[in-house]
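Have a look at the structure below, then the notes.
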Amino acid sequence: MFDALADRLDSAWKKLRGQDKITQSNIQEALREVRRALLEADVNLQVVKDFITEVETKAQGAEVIAGVKPDQQFIKIVYEELVQVMGETNIPLAQVEQPPTIVLMAGLQGTGKTTATAKLALHLRKLERSCMMVATDVYRPAAIDQLVTLGKQIDVPVFEMGSDANPVEIARQGVERAKAEGVDTVIIDTAGRLQIDQDMMAELAQIKEVVQPHEVLLVVDAMTGQEAANLTRTFHDEIGITGAILTKLDGDSRGGAALSVRQISGQPIKFVGVGEKVEALQPFYPDRMASRILG
Ligand code: GDP
């Protein structure tokens, strides 16, 4: 496991070999390699710095366990810290006692938000949780059609009021409808822009205020790389997220955005998108992502 990291640490290890303690001086080179590996995996620079400081503290003075090579022990410390920072276990989607559970989807255009809405609905349906999706993206009429088409495909009703209605009103009425129909979970797809803008944030904040969601999920494209950190900070500061969905992990990104999102918001990544198909959604597991990031 972690052959790539082990390889790149090879020369750094020479300093650790034959020593019975990991000390500040003998791990500097190894820490530099970890830093490089994380940056290559697109983890945000500040997040990397914080992470390295934490690993350094944990590794220093760690007694070398009999029978375990110090290099192996160091890799274990790095891996365990990664898993811990990303939340240790999978955290499932909320389910309230008095339905409907209300989920608000947020994110930039093109990240896979509408697709993720349908993926999530299908996932919940498989868990025998009935769903309704609400189409509030009135700025891009094709977005409403896209959700309606996806709804038909997965046999989940879509609440929409066309593209002339007010998005906040659509969300409000959508939730009312879900309540009236006794639906378990209502998922509200929202408008995204190509870049963060104040109108989008204000509208999202209004929808949140009106529907009081139990989950606000930020949809983040894993290919966004370093930018995932700024995106998360802005959405979390202005709207307040309860979790995230990391999409397009079927691409060649190493998934460093997962670490940035979690570290910056303190909120868990709940799912990952692994393809364009509506079935391509998986629960997020910190240990698997740690292995992917370390390569
Ligand atoms: P939105 O603007 O955020 O609602 O984005 P869409 O849901 O319309 O998705 C934008 C594009 O990304 C579409 O072509 C989707 O098929 C694609 N997409 C969404 N999720 C994934 C994913 O997990 N993997 C891949 N490869 N493509 C995805």
Side-chain angles (χ1 to χ4, degrees), residues 41-42 90 93 103-124 126 131-154 156 158-160 162-163 167 170-171 174 186-197 199-201 203-204 207-208 213 215-225 227-228 230-232 234-235 239 241 243-258 260-261 269-285 288-289 292-293:
D42 269 337
N90 171 256
L93 194 80
V103 182
L104 185 62
M105 306 291 277
L108 296 182
Q109 189 177 314
T111 51
K113 188 159 26 65
T114 301
T115 312
T117 302
K119 285 177 173 176
L120 189 56
L122 180 62
H123 170 81
L124 293 174
K126 286 182 185 161
C131 282
M132 177 182 281
M133 302 189 287
V134 180
T136 73
D137 186 356
V138 298
Y139 310 101
R140 212 168 48 97
I144 300 178
D145 297 342
Q146 188 186 347
L147 200 63
V148 169
T149 306
L150 286 166
K152 283 194 185 123
Q153 199 183 321
I154 60 173
V156 167
V158 174
F159 181 89
E160 53 111 353
S163 53
I170 303 172
V186 52
I187 312 172
I188 305 168
D189 187 22
T190 60
R193 308 273 159 98
L194 286 174
Q195 285 177 340
I196 293 169
D197 85 39
D199 291 345
M200 170 177 76
M201 285 299 177
E203 184 178 291
L204 257 181
I207 294 179
K208 187 183 174 196
E215 292 268 16
V216 179
L217 296 182
L218 178 65
V219 180
V220 181
D221 181 339
M223 311 291 274
T224 319
E227 261 307 293
N230 291 334
L231 185 79
T232 304
T234 309
F235 273 88
I239 311 294
I241 64 170
I245 298 182
L246 200 58
T247 61
K248 309 191 188 177
L249 265 182
D250 48 313
D252 55 10
S253 106
R254 293 255 303 280
S260 307
V261 170
I269 292 157
K270 298 206 162 181
F271 297 95
V272 294
V274 291
E276 295 196 46
K277 292 212 177 90
V278 81
E279 296 84 11
L281 185 79
Q282 295 171 356
F284 172 78
Y285 289 105
R288 289 186 203 164
M289 188 57 79
R292 178 172 177 145
I293 290 174

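Order of appearance sets the numbers: ligands from 1, and atoms from 1 within every ligand. As the structure is a computational prediction, the values presented were derived from the model and not from experiment.
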Less than 3.5 Å between some nitrogen or oxygen of [X] and one of ligand 1, yes or no?
X	answer
Ala116	no
Gly275	yes
Gly110	yes

| Say you draw a straight line from NZ of Lys119 to CD1 of Ile187; how long is it, rounded to the nearest 0.5 Å? |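 Lys119 atom NZ to Ile187 atom CD1 measures 13.0 Å (nearest 0.5 Å).
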
| Out of curiosity, Asp137 CG to Thr114 OG1, how far, rounded to the nearest 0.5 Å? |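 Output value for this atom pair is 6.5 Å.
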
Give the atoms of ligand 1, by number and element, whose distance to some non-hydrogen atom of [X] is under 4.0 Å.
X	value
Gly273	23 (O)
Thr114	1 (P), 4 (O), 7 (O)
Gln109	2 (O)
Lys113	1 (P), 3 (O), 4 (O), 5 (O), 7 (O)
Thr115	6 (P), 7 (O), 9 (O), 15 (C), 19 (C)
Arg140	2 (O)

May I ask you to identify, for [X], whether its side chain, its backbone, both or neither come under 4.0 Å of ligand 1 on a heavy-atom basis?
X	answer
Val274	backbone
Asp250	side chain
Asp137	neither

Considering only non-hydrogen protein atoms, determine which one is nearest to [atom] and report residue, atom name and distance to 0.1 Å.
atom	result
atom 20 (N) of ligand 1	Lys119 NZ, 3.7 Å
atom 5 (O) of ligand 1	Gly112 N, 3.1 Å
atom 16 (O) of ligand 1	Glu276 OE1, 2.9 Å

| request: Go through Tyr139 and Gln109 one step at a time and tell me if the side chain to side chain donor-acceptor pair (under 3.5 Å) criterion holds. | output: CA-CA 11 Å; Tyr139 310 101; Gln109 189 177 314; over 6 Å; no

| said: As a check for students: among Gln146, Lys248, Gln282, identify the option with a heavy atom nearest to atom 12 (O) of ligand 1. | reply: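 The residue whose heavy atom sits nearest atom 12 (O) of ligand 1 is Lys248.
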
| Residue-ligand contact Gly192/ligand 1, heavy atom below 4.0 Å |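 The answer is no, since Gly192 has no heavy atom less than 4.0 Å from ligand 1.
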
| query | Leu108: heavy atom below 4.0 Å from ligand 1, yes or no? | reply |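 The answer is yes: ligand 1 sits under 4.0 Å from a heavy atom of Leu108.
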
| query | Is it true that a side-chain atom of Asp189 and a backbone atom of Ala135 form a donor plus acceptor pair closer than 3.5 Å? | reply |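 Not at all, since once roles are kept as given, no pair shorter than 3.5 Å links the two residues.
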
| query | Any donor and acceptor pair, going by atom type alone, linking the side chain of Lys113 with main-chain N or O of Thr190 inside 3.5 Å? | reply |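 At least one qualifying donor-acceptor pair exists.
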
| field | Which residues share a salt bridge (charged side-chain N to carboxylate O under 4.0 Å, His left out) with Lys208, sequence neighbours left out | value |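 Testing Lys208 for salt bridge (charged side-chain N to carboxylate O under 4.0 Å, His left out), a comparison that skips the adjacent residues, returns none.
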
